[in-house]
Amino acid sequence: MLRPTTTPELQEAITGAWADATTLEVRAGGSKEALGRDAPAAQSLDLTALSGIVDYDPAELVLTARAATPLAVVRAALAERNQHLAFEPPDYAALLDSTRAPTLGGTLAANLSGPRRLSAGAARDHFLGLSAVSGHGELFKSGGRVVKNVTGYDLSKLLAGSFGTLAVLSEVTVKVMPAPEETCTVLVHDQTAAQAVSWMTRLTATPIDASGLAYLPLPACGRSKVHAVRASGGAVTALRLEGIGASVSARLQALRDGWLADAGHGYETTVVDADDSRVLWNEITDCHLLSGHGVVWKLSVPPARGADVAARLTAVLDCEVLLDWAGGLVWAVVRGDAAQEALVRGTLRDCGGHATLIRASAAERRRCPVFEPLAPSVAALSRRIKGAFDPGGILNPGRMFA
Amino acid sequence: MLMPALDAAVVGRRDELAAELRRILPHDSVLTGEDERRPYESDGLTAYRQLPLLVALPETTAQVSAILKVCAAFGAKVVPRGAGTSLSGGALPLGDGVLLGLAKLNRILDIDYPNRCVVAQPGVANLSITRAVEGRGFYYAPDPSSQVVCSIGGNVAENAGGVHCLKYGMTTNNLLGLEAVLMSGEVIRIGGKHLDAGGYDILGVLTGSEGLLAVITEVTVRILCKPETARALLIGFASVEAAGACVANTIAAGIIPGGMELMDRPAIHAAEAFTHAGYPLDAEAILIVELDGPAAEAEELSLRVADIAAAVGATSVRASASDEERLKFWKGRKAAFPAVGRIAPDYYCMDGTIPRRKLPQVLTRIGELSKHYGLGVANVFHAGDGNLHPLILYDANQPGELDRAEAFGADILRECVAVGGVLTGEHGVGVEKRDLMPEMFTAVDLAQQQRLKCAFDAEGALNPGKVFPTLHRCAEMGRVHVHRGETRFPDVPRF
């Protein structure tokens, strides 16, 4: 195992591997080692020691940290100044049956975002700059430490979601935002998925500015620690409001005055307070409401088609679903060990979107494509991009595509 | 400005190339005459002019693809152009290159309210998207000041910004999908109406690539529901430092305004004389702070910002009482560039971004440079995100003044980088800041960016002479090993 403690050591390790044609498994916290294609490499490149916040200036809304800084450390530093990572980075450790803690670099390398993706953007939208070592063993930087920058190609975007296959991040700069002063969640009970998506779609055409819109069918509700959700006895549609107190109360009133009635006659509603709201949205972010057994798929679809895709999934598979991003994100837990790739990806036909296999056995993650297969022209371009950063193919080979 | 050496072979085959292009396009969509080509000789950076070899005006993606194939076969360079409003020379033509004008691809293809997106061809004007959806209460957030004319395809190429970026993001944060054509003629489609395209974020890296990687032929943008209300504050300060402190304290208090613009004394006076917006003429600096959202939120936040302003010694605070008054506050700011154009024969607009806390230091330095170069300067500043727009005043008819203005501008950008900022916040590198790239990036950094360019365009035919100060052939890039910041090919021509 290679365990660099400084950026020069990281560069040395990769230069050595490039010279010997040794393939490397790049890992920071290791919490997502079971995410991606199962494609073992000759040697492990453990970045754990490249940890720590380098620079944080709350008034500039930027934070720079070494790549393997635990998310918890970043969160704690931000919380002291009432700031946060607005993209709501998830912790999939429980979902992936890992005891390890996610890092900032790992989160960006996987481009993982939570429910607030809907209103605040994805991890990649908050990734301002980086230093990284390419597969040539060269240390390069891109972007900057300011929130607005168009100097040169935006390599932060390209490296976000590249799962360590292009370059190894050594230091990253992210945009941070003020944490909301107040929050609450409105629960609408007993809607069908189709009714919920239709209502959420209408809400996004109003200035209600929800920062979370999710649909939790019954088995998911039963796993919540929030009483109003757990004891609901039926599906729950959750709408989160965040902002200053005056704004949250004004929008809550507007909901009561009209937009809740728009949910349809006879639906019961509950408003849960800030504490319960935080618990609930953490559960949604970290996938604690999904069954602990079975294969997990994450489907990104045009939001108005969310219920449609969910219905197709449950029609052809023994599975449970949960919808986030106002219908644009469909989680599906398929019972059994088989990924059922053809059936799952088949639900996206004539609809657009993509499906990623998030939890499955290593054998399944070898057998079927974890990431949505690309059109031939895009696949060829992606291979050329890989070659431009890692010509020897030594960084996480096969982690994304065979 | 040194550009790549003219390819005499291509210039010699001009008529043959025109004939090939006319097999793809109607006769009059290939412009060969000097008078016809003249309107394309420059973009928004009018200091640079160059007649293109030919102009091709396609109307479909298939035509774009066919044109690029022909150009690739001829070894001809291609310069894509949207509305030609680039302030960095991104669409400056080449004497041996085809200027690919995308203005005829000007239709909105789909308005999808349930999925909150619009699919448009690249020649559609930025503001036309908002106009098409505002009847239903939606808008497209990025609003560069040229939004009436600038094209959405050009916005993607340049990652255009505007005054609302801090809260609503730049172009890159508001895109869902793209169709683009590679120099080989291959058409790629990335993303769609869903979030986060799978695979490498090619959409993200194409955005802001300044026409060097691919030609954008279709854009899917996210549209947002208009905020319920917006309220603006017009705040005067006795010093730029006080205005800067107000900005920092507002953000430190957890407030992200929809817009937060700073103007210095020369900019205030020029704008007031031009628009009569009611700006305080005794102020050294003004801030326009716009708070949007539900009425209760805009109301409460404007009170909080007014308190913050008072605490740092604001000399005047006015809150807009009506939408009409709010737009009046903005009118002066939005017309700042033409207003400055009235107080000097010419102006040169710079575009660096700095950490906001460095604002007083940078403005002091700009003042010193102004004396040194003997040229006036007015400053407007997207204060929320640290994006500075100094307008250097000069007279192009006075020998040497343009050169001095450019040297002054370059010094400002060097200062931006020196204080931890960047060369360009929203206007792009283009030809304008190309030779300053080594101020910010090492040879290794630039080599990695050029390797990416090679993955898209191995022959370097798409918009060469922009962004990179040194041109490497791709075959060479594979071998270039940059050692301690020095490339092994120090004699490769810089242009």
Side-chain angles (χ1 to χ4, degrees), chain A residues 58-61 82 111 117 121-122 124-125 134 138-142 144-154 157-158 160-162 177-178 181 201 204-207 243-244 246-247 250-251 300-304 325 328 352-354 356 371-372 374 377-378 381-382 384-385 387-388 391, chain B residues 113-116 137 158-159 161 165 169 172-173 186 188 192-196 198-201 204-205 207-209 225-228 248 251-252 254 256 293-294 296-297 300 353 355-357 385-387 420-426 428-429 440-441 444-445 448-449 451-452 454-455 478 482:
Chain A
E60 298 292 338
L61 301 174
N82 294 320
N111 189 28
R117 167 75 185 89
R124 54 88 95 172
D125 294 299
S134 68
E138 290 180 359
L139 175 68
F140 65 94
K141 67 174 179 302
S142 171
R145 287 182 182 174
V146 291
V147 295
K148 195 171 178 191
N149 177 16
V150 295
T151 321
Y153 298 136
D154 192 350
K157 296 284 186 302
L158 195 59
S162 69
M177 292 298 267
E181 286 175 19
T201 300
T204 53
T206 71
I244 62 169
S247 173
R251 285 180 288 155
S300 178
V301 302
W325 300 353
H354 60 97
T356 310
F371 297 93
E372 188 72 23
L374 303 170
S377 57
V378 178
L381 176 60
S382 300
R384 295 197 298 274
I385 293 172
Chain B
Y113 291 108
N115 290 308
R116 304 177 291 285
E158 300 290 322
N159 191 14
C165 292
T172 190
N173 313 112
E186 266 181 299
I188 57 170
K193 294 180 175 181
H194 54 280
L195 296 169
D196 302 336
Y200 293 146
D201 190 355
V205 83
T207 308
S209 64
C225 188
K226 257 189 285 192
E228 186 186 306
I251 286 167
I256 300 294
E297 177 175 339
E300 161 91 22
T353 303
R356 279 176 302 258
R357 64 175 179 278
D385 39 30
N387 187 198
V422 299
L423 292 173
T424 170
E426 58 183 356
V429 175
M440 196 171 140
F441 294 114
V444 180
D445 301 336
Q448 188 52 57
Q449 298 205 24
R451 288 194 189 98
L452 176 70
C454 293
V482 187

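Atom set for the values below is all heavy atoms of this structure, side chains included, hydrogens, waters and symmetry mates excluded.
Neither the backbone nor the side chain of A/Pro391 has a heavy atom closer than 4.5 Å to any heavy atom of chain B. Proximity to chain A (any heavy atom under 4.5 Å) is shown, for B/Asn115, by both the backbone and the side chain. Interface remark: B/Pro294 contributes side-chain atoms only to the contact with chain A (heavy atom separation under 4.5 Å). Interface remark: A/Asn149 contributes backbone and side-chain atoms alike to the contact with chain B (heavy atom separation under 4.5 Å). Contacts of A/Phe371 with chain B are absent, with no heavy-atom separation under 4.5 Å from either backbone or side chain.
A distance of 9.5 Å separates CD of B/Gln449 from CG of A/Asp154, quoted to the nearest 0.5 Å. Note that the CG atom of B/Asp196 and the CZ atom of A/Arg124 stand 7.5 Å from one another [nearest 0.5 Å]. Rounded to the nearest 0.5 angstrom, A/Lys141 NZ and B/Gln448 CD are separated by 13.0 Å. Once rounded to the nearest 0.5 Å, the distance linking CG of A/Leu158 with CG of B/Leu452 reads 6.0 Å. Taken to the nearest 0.5 Å, the CE atom of A/Met177 stands 4.0 Å off from the CD1 atom of B/Ile256. With values rounded to the nearest 0.5 angstrom, A/Lys157 atom NZ is found 6.0 Å from B/Asn173 atom CG.
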Start with the C-alpha gap between B/Tyr200 and A/Leu381, add the side-chain angles, then the distance that decides, and say whether side chain to side chain contact (heavy atoms under 4.5 Å, CB included) holds.
CA-CA 10 Å; B/Tyr200 293 146; A/Leu381 176 60; over 6 Å; no
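Put simply, of A/Gly121, A/Ala205, A/Ala122, A/Gly243, the one with the most heavy-atom pairs under 4.5 Å next to chain B is A/Ala205. Options A/Pro58, A/Ser382, A/Ala250 differ in how many heavy-atom pairs under 4.5 Å they form with chain B, and the most are formed by A/Ser382. Taking chain B as the reference chain and counting heavy-atom pairs below 4.5 Å, the highest number among A/Leu374, A/Ile244, A/Thr201 is found for A/Ile244. Residue with the most contacts toward chain B among A/Asn111, A/Asn82, A/Leu61: A/Leu61 (heavy-atom pairs, distance under 4.5 Å). With respect to chain A, the highest number of heavy-atom pairs below 4.5 Å among B/Val429, B/Leu423, B/Val422 belongs to B/Val422. For chain A, the option among B/Asp385, B/Ile188, B/Asn159 with the highest count of heavy-atom pairs below 4.5 Å is B/Asp385. Contact count versus chain A (heavy atoms, under 4.5 Å) is highest, among B/Ala248, B/Gly199, B/Ala252, for B/Gly199. Between chain B and the options A/Pro178, A/Pro302, A/Ala246, the largest number of non-hydrogen pairs under 4.5 Å is found for A/Pro302.
For the side chain to side chain contact (heavy atoms under 4.5 Å, CB included) test, residues two or more places apart in sequence or in another chain that qualify with A/Thr204 are A/Leu213, A/Ala326, B/Arg116.
The nearest pair of heavy atoms linking A/Ser142 to B/Phe441 is CA-CE2, 4.3 Å.
Side chain of A/Arg384 to backbone of B/Ala455: a donor-acceptor contact under 3.5 angstrom is found. For A/Ser300 (side chain) and B/His194 (main-chain N/O), no donor-acceptor pair under 3.5 Å exists by modelled atom type. In this structure, the side chain of B/Thr424 does not engage the main chain of A/Val150 through any donor-acceptor pair within 3.5 Å. Put simply, the side chain of A/Glu60 gets close to the backbone of B/Arg356: a donor and an acceptor are under 3.5 Å apart. A donor-acceptor contact shorter than 3.5 Å is absent between the side chain of B/Glu228 and the backbone of A/Pro207. With hydrogens and angles ignored, the 3.5 Å screen pairs no side-chain donor or acceptor of A/Arg145 with any backbone N or O of B/Gly420.
Using a 4.5 Å heavy-atom threshold, the side chains of A/Val146 and B/Pro355 count as touching.
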